[in-house]
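Beneath this line is the structure, given in structure tokens, with notes to follow.
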Amino acid sequence: MQNPQRYLVTSALPYASGITHFGNVVGSTLPADLYARYCRLRGRDTLYVCGSDEHGVAITIAAEKEGITPREIIDRYHGLNKQALANAGIAFDVYDRTSNPVHYDTAQEFFRYWLGKGLLVEREEDQFFDADANMFLPDRYVEGICPNCGYDKARGDQCDNCGAYYNQLDLKHPRSLVSGKAPVVRKTKHWYFKLDEFQQWTEQYVESHASEWKSNVLQQSRSWLKQGLAARAATRDMSWGIPVPAPNADGKVIYVWFEAVLGYISATKQWAKDRGIDAAWKRWWCDADTEYIAFLGKDNIVFHTIIFPILLHTRESEGYILPAQIPANEFLNLEGQKFSKSRNWAIDLVQFQKDFPEPQHADVLLSLIHISE
């Protein structure tokens, strides 16, 4: 874009299931903060948006491990992470949360829009079911052997080792993380988003940025597109999440794949609301003079190069803009293994700040981990 009037900067939303770690900081918040500061020094109109991702199975698993409610988990970790990032000098314009009523309204409004446009279709599917626990198993409640690389602790939707995405039924030797037993397969109904209808459009969008995007971003996006986009379930059988605004949808929530990325928009709405300028969010999301740069880690690439752009494209007539740049960083490693909150293999920000509380330690830390990346 030639001479944008404003710059919208986002960092991938950290899960509020634990303390944010050095990998999160390196992959997303630190580079975004540096870029936002650069933009402001240049006198550019800049908005830096982030917040907590507070739905999905990572939250419910953390709550069950501690014997408390998901609400208690997200309230604790949202506050801790917000303060830890502030202590590290990360300067967000808004750090919101997806449990915010504004986010619920935004996600449900998008869902209703897709329903009205025929982009969601109700379909029966096979899903793992834990007979002992009497519940369907969302992806992260299942673990098994990755069908792509053979890693023996692969999750139900994604392998932490090779990064592959797949259907949970493709896992080899699956086991329920609830009962520890092999699940059975039962039928359930979900609303599927017709991603496949946007295959050609998405290919054109990605290739239009071939000279600008980093190699890792392009190659992972092309790999997904080469496999071909397929309709994906946009709902899940869970009690924790944003209720599906449709008839006969009791016990179903909007899947975080389709809901969490909308948190950037809802956070901007909250930012505008807090300042008494409710309609101002549109100049950041629905104005062609805004350039949008999305910072994230490697594991979030396809959500920002394929899924989120498609969701925004469905509202093209309203002027929604697309990411112009998606600078994704590789994983930060610790003793040869990538940082992982779910695997408890990480150095978290709060613990570091407890051990090294002096203000100058934050600058030393951020300099070292930025160089290491």
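Because only heavy atoms are used, hydrogens play no part in the values below, and waters and symmetry mates are left out as well, while side chains stay in.
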- Take D287 and R6 through the salt bridge (Lys or Arg N to Asp or Glu O under 4.0 Å) test and state the conclusion after the steps. CA-CA 10 Å; D287 190 322; R6 63 193 69 86; 3.3 Å; yes

Could you check whether [Y] and [X] have their ring centres less than 6.0 Å apart?
X    : Y    : result
Y205 : W213 : yes
Y264 : H304 : yes
F258 : F193 : yes
Y292 : W285 : yes
Y104 : H55  : yes

Do the non-hydrogen side-chain atoms of [X] and [Y] ever get within less than 4.5 Å of each other?
X    : Y    : result
W284 : D45  : yes
T98  : L13  : yes
W224 : T305 : no
I73  : P70  : no

In plain terms, say whether [X] and [Y] are close enough for a salt bridge, that is, a side-chain N and a carboxylate O under 4.0 Å apart.
X    : Y    : result
D139 : R155 : no
K269 : D278 : no
D157 : R232 : no
K189 : E124 : no
E143 : K153 : no
K252 : D237 : yes
E125 : R186 : no

Check the hydrophobic clustering (I, L, V, M, F, W, Y; side-chain heavy atoms under 4.5 Å; chains of links allowed) and say if [X] and [Y] are grouped together.
X    : Y    : result
Y255 : F129 : no
I90  : Y7   : yes
L169 : V184 : no

- Would you sort out whether Y48 and F92 count as a ring-ring contact (aromatic ring centres under 6.0 Å, His included), showing the intermediate values? CA-CA 5 Å; Y48 179 20; F92 306 106; 4.8 Å; yes

- Task: Among H103, R97, E259, find the residue that satisfies the side chain to side chain contact (heavy atoms under 4.5 Å, CB included) test when tested with S266.
- Result: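 Of the listed residues H103, R97, E259, the side chain to side chain contact (heavy atoms under 4.5 Å, CB included) partner of S266 is H103.
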
Tell me the closest heavy-atom pair linking [X] and [Y], and the distance in Å.
X    : Y    : value
G89  : R37  : O-NH2, 2.5 Å
W281 : I265 : CZ3-CG2, 4.0 Å
L137 : P183 : CD1-CB, 3.7 Å
D96  : A267 : CB-CB, 3.6 Å
L312 : I321 : CD1-O, 3.3 Å

- Task: Please name all residues satisfying side-chain contact (heavy atoms from CB on, under 4.5 Å) with E72, sequence neighbours left out, ordered by chain then number.
- Result: I68, T69

- Please list, chain by chain and in numerical order, all residues satisfying side-chain contact (heavy atoms from CB on, under 4.5 Å) with S239, sequence neighbours excluded. none

- Message: Please determine whether salt bridge (Lys or Arg N to Asp or Glu O under 4.0 Å) holds for the pair K181 and D132, giving the CA-CA distance in whole Å, both sets of side-chain angles, and the decisive distance to 0.1 Å.
- Response: CA-CA 8 Å; K181 297 182 179 180; D132 283 14; 2.7 Å; yes

Point-to-point distance, once rounded to the nearest 0.5 Å, from [atom1] of [X] to [atom2] of [Y]:
X    : Y    : atom1 : atom2 : result
T314 : Y320 : OG1   : OH    : 9.0 Å
S52  : I74  : OG    : CD1   : 8.5 Å
D93  : C50  : CG    : SG    : 11.5 Å
Y35  : F295 : OH    : CZ    : 7.0 Å
I242 : Q108 : CD1   : CD    : 6.5 Å
F111 : T235 : CZ    : OG1   : 6.0 Å

- Plane angle bin for F110 and W114 - parallel if under 30°, tilted between 30 and 60°, otherwise perpendicular: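 Plane angle over 60°, so perpendicular.
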
- Can you list the steps and then say if T268 with V94 is a side chain to side chain contact (heavy atoms under 4.5 Å, CB included)? CA-CA 7 Å; T268 309; V94 55; 5.6 Å; no

List in chain and number order the residues that pass side-chain hydrogen bond (donor to acceptor under 3.5 Å, both in side chains) with [X], two or more places apart in sequence or in another chain; answer none if no residue qualifies.
X    : answer
R315 : E109, E318
W271 : none
D196 : none

- Derivation of the salt bridge (Lys or Arg N to Asp or Glu O under 4.0 Å) call for E54 and R71: CA-CA 9 Å; E54 299 183 329; R71 168 59 65 177; 5.2 Å; no

- Item | Side-chain (N216) to main-chain (A328) donor-acceptor, under 3.5 angstrom | yes

- Task: Check the pair Y77 / I59 against side chain to side chain contact (heavy atoms under 4.5 Å, CB included), numbers first and verdict last.
- Result: CA-CA 10 Å; Y77 288 117; I59 307 297; over 6 Å; no

- Task: Begin from the C-alpha positions of T60 and V57 and carry the test side chain to side chain contact (heavy atoms under 4.5 Å, CB included) through to its verdict.
- Result: CA-CA 5 Å; T60 57; V57 179; 4.0 Å; yes

- Starting from Y192, walk the hydrophobic network (Ile, Leu, Val, Met, Phe, Trp, Tyr; side-chain heavy atoms closer than 4.5 Å) and list everyone else you reach, by chain and number. V121

- Message: Please check if the number of heavy atoms outside R42 that lie under 6.0 Å from its CZ is greater than 12.
- Response: no

- Task: Would you check, one step at a time, whether the test ring-ring contact (aromatic ring centres under 6.0 Å, His included) holds for F136 with H190?
- Result: CA-CA 12 Å; F136 283 101; H190 285 295; 7.7 Å; no

- Take N329 and K298 through the side chain to side chain contact (heavy atoms under 4.5 Å, CB included) test and state the conclusion after the steps. CA-CA 6 Å; N329 285 313; K298 180 180 180 179; over 6 Å; no

